[in-house]
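What follows is a set of notes on a single structure, which appears directly below.
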Amino acid sequence: MKRNKLKIINDPVHGFIHIPNSLIFDLIEHPYFQRLRRITQMGLSYLVYPGARHTRFQHALGCMHLMQKAVESLRYKGVAISDKEAEALYIAILLHDIGHGPFSHAMEHSIVENIAHEEISLLFMQELNREFKGKLDIAIAIFQGSYPRTFLHQLISSQLDMDRSDYLKRDSFYTGVAEGNINPERIISMLNVRNDELVVEEKGIYSVEKFLVARRLMYWQVYLHKTSVAGEQLLIRVLKRAKELVQSGESLPMSNALLFFIQNKINKQQFSKDILNKFALLDDTDIISAMKEWQFHPDFIISKLSKMLLNRDLPKVKLQNTPFDIEKTLLLYEKVTSVYEITPKEAEYFVFSDKIANTAYNAQQQNIQILTKKGKIIDVVKASDQLNLEALSKPVVKHYLCYPKDL
């Protein structure tokens, strides 16, 4: 019997999402993509916002839905997009995050060495292209920015792309942070193309302003929330300690897939098909189940860190606009060394400082261009009568210091 592949998915954010053809259905059904069901979109943000349990799988489908809306809107305005190009856009945006590891950004450089998730996404896409006999050629070219029509890549990756349009609305919905709630369909309906560049018609400028302000607020309230940052730093340190113990001959219980990446330093050059398939076995459950075992390990550091994360016994976090006083930090190291009876080097697992930065609109990157009623194209900062848009294009840096609550 032939299987019906033109499915409709009910999404709580966008409503009904239509799978446009059988190729995209088959890509969604592939184990590489199904793995995204087991990777949270927002890492450890659920430690702050309990509802933030949605997955990369949901986000990818939402992005594809918005891309369908964008293609429909641009075609309506006379922008020529062939059926092959439209299909390639849907595939490229569907697979743009397929290279994320467990807990998304939190562990991007802990599992593998010096390779970003976008590069792993490309490796997955190339492998899928081999399996699907070259049907992803155009999608990969658009994803890489090598396809001759620039605006198609901008729909995938730019300061007003379908990725950001979905995650802002979706993350706002699942966290309950209303400040991030944007109207992506309004923005999409205002998109147009001039000189092969994506532009926004002038009457859409207020929607763009709302989008940029929402992005800034979501970064400070959600993505860079101090508790989430502290949790992510603990998770990085758990993996670091696990690697130290395993490489010194200690035995740690964990899945075979996780053990492989703990035992081996894998960089971009080593990413063979076999290693890609091992990476595809990793998801959030590997890390959670490992920590559930590690909390009982005789090593104080990995046991303590695992308990802190599992039981949400997170460190105290202080934020300020200037770097923290070195003497104060050294005093905290001494206290941890004394209270926990560990070495000063080991104290670095529990006392740490760094900085976080937020730029809502990066004017140095490809700008958001506004198409005026007279046909002129100008940057959104110059077109806007909102004085704070210029401020949003400047990076804001905050310094943080984390240390155990029981000091």
Side-chain angles (χ1 to χ4, degrees), residues 1-37 39 41 55-100 118 121-158 161-163 165-167 169-170 184-185 188-189 191 193 198 280:
M1 284 180 66
K2 270 196 165 185
R3 190 176 178 189
N4 175 26
K5 296 183 178 183
L6 301 179
K7 300 286 186 184
I8 297 172
I9 297 162
N10 195 351
D11 178 62
V13 176
H14 300 304
F16 292 117
I17 294 174
H18 295 256
I19 297 176
N21 61 39
S22 60
L23 171 59
I24 288 168
F25 176 87
D26 290 338
L27 287 168
I28 291 170
E29 288 282 278
H30 196 282
Y32 285 170
F33 191 80
Q34 288 293 316
R35 162 184 166 270
L36 297 183
R37 290 181 183 272
I39 294 177
Q41 169 75 9
T55 64
R56 288 274 157 193
F57 182 87
Q58 292 163 277
H59 165 60
L61 292 175
C63 290
M64 183 190 71
H65 170 77
L66 292 181
M67 189 64 81
Q68 288 171 287
K69 296 283 182 186
V71 168
E72 183 185 317
S73 177
L74 290 172
R75 279 175 167 172
Y76 179 74
K77 293 175 183 180
V79 179
I81 300 173
S82 71
D83 289 345
K84 283 288 181 189
E85 287 171 334
E87 180 186 75
L89 279 171
Y90 306 151
I91 293 169
I93 199 68
L94 185 75
L95 304 179
H96 78 284
D97 272 346
I98 199 169
H100 268 294
E118 293 91 349
S121 291
L122 180 59
L123 293 172
F124 273 122
M125 289 168 78
Q126 289 166 340
E127 184 53 40
L128 287 167
N129 197 30
R130 281 188 280 274
E131 283 189 36
F132 285 85
K133 298 181 170 52
K135 291 179 181 176
L136 279 69
D137 281 343
I138 302 173
I140 289 170
I142 292 172
F143 179 79
Q144 289 183 292
S146 60
Y147 194 73
R149 306 187 76 189
T150 306
F151 79 92
L152 296 178
H153 176 71
Q154 289 174 333
L155 288 166
I156 304 285
S157 178
S158 67
D161 57 31
M162 299 307 106
D163 174 31
S165 297
D166 179 80
Y167 78 61
K169 188 168 181 67
R170 188 170 300 278
E185 293 202 19
I188 287 167
S189 70
L191 292 178
V193 176
L198 207 60

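This is a predicted model, so every value here is computed, not measured. Quick note: numbers below take in every heavy atom, side chains included, and nothing from hydrogens, waters or symmetry partners. The first residue of the sequence shown is numbered 1, and numbering continues consecutively from there.
Aromatic ring centres of H96 and H59 lie closer together than 6.0 Å.
Between the side chains of Y147 and E85, at least one donor N or O sits under 3.5 Å from an acceptor N or O. Between N21 and E87, the side chains place a donor N or O and an acceptor N or O closer than 3.5 Å (distance only, hydrogens not considered). Side-chain contact, Q144 with H153: no donor N or O sits under 3.5 Å from an acceptor N or O. S121 and E118 share no donor-acceptor pair across their side chains, judged by distance under 3.5 Å alone.
If you run salt bridge (charged side-chain N to carboxylate O under 4.0 Å, His left out) between R56 and each of D166, D97, D163, only D97 comes through.
At least one donor-acceptor pair closer than 3.5 Å links the side chain of D161 to the backbone N or O of S158. Of the possible donor and acceptor atoms, none in the side chain of K5 sits under 3.5 Å from a partner among the backbone N and O of I19. Put simply, the side chain of R35 gets close to the backbone of I98: a donor and an acceptor are under 3.5 Å apart. For the pair K77 (side chain) and L191 (backbone), a donor-acceptor distance under 3.5 Å is present.
A salt bridge links D83 with R75; the closest basic N to acidic carboxylate O contact falls under 4.0 Å. E72 has no carboxylate O lying under 4.0 Å from a charged side-chain N of K69, or vice versa, which leaves the two without a salt bridge.
Separation of atoms OG (S73) and CG (L66) is listed at 12.0 Å; rounding is to 0.5 Å. Rounded to the nearest 0.5 angstrom, L74 CG and I188 CD1 are separated by 9.0 Å. To the nearest 0.5 angstrom, F124 atom CZ is 15.0 Å from N129 atom CG. Distance check, rounded to the nearest 0.5 Å: CD1 of I24 to CD1 of I91 gives 5.0 Å. The structure places CD of E185 at 8.5 Å from NZ of K169, a figure rounded to the nearest 0.5 Å. Atoms OG and CD1, on S146 and I140 in that order, are 9.5 Å from each other to the nearest 0.5 Å.
Contact annotation: the side chain of Y90 approaches that of V71 to within less than 4.5 Å [non-hydrogen atoms, C-beta and beyond]. By the 4.5 Å heavy-atom criterion applied to side chains, I17 and I8 are not counted as neighbours. The shortest distance between side-chain heavy atoms of Q58 and Q41 does not fall below 4.5 Å. Taking 4.5 Å as the limit, some side-chain heavy atom of L27 sits within range of a side-chain heavy atom of F132. Inter-residue side-chain proximity for L128 and L136 is flagged as met; some heavy-atom pair is nearer than 4.5 Å. A 4.5 Å side-chain heavy-atom check between D11 and F16 finds every atom pair outside the cut-off. Contact annotation: the side chain of Q68 approaches that of M64 to within less than 4.5 Å [non-hydrogen atoms, C-beta and beyond]. Within the 4.5 Å cutoff, no side-chain heavy atoms of Y32 are placed close to those of L95.
Of all heavy-atom pairs spanning A139 and M125, the tightest one is O-CE, 4.2 Å. Minimum heavy-atom separation, K84 to I138: CB-CD1, 4.1 Å. In this structure, M162 and A70 approach most closely via the heavy-atom pair SD-CB, 4.1 Å.
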### Query
Hey, mind stepping through E131 and H30 against side-chain contact (heavy atoms from CB on, under 4.5 Å) and telling me if it holds?
CA-CA 11 Å; E131 283 189 36; H30 196 282; 2.9 Å; yes
### Query
Taking it one step at a time, do L198 and L155 satisfy side-chain contact (heavy atoms from CB on, under 4.5 Å)?
CA-CA 8 Å; L198 207 60; L155 288 166; 3.9 Å; yes
### Task
Step by step, work out the side-chain contact (heavy atoms from CB on, under 4.5 Å) result for I142 and L89.
CA-CA 7 Å; I142 292 172; L89 279 171; 4.1 Å; yes
### Task
Any chance you could lay out the side-chain contact (heavy atoms from CB on, under 4.5 Å) test for I28 and L94, step after step, and finish with the verdict?
CA-CA 8 Å; I28 291 170; L94 185 75; 3.8 Å; yes
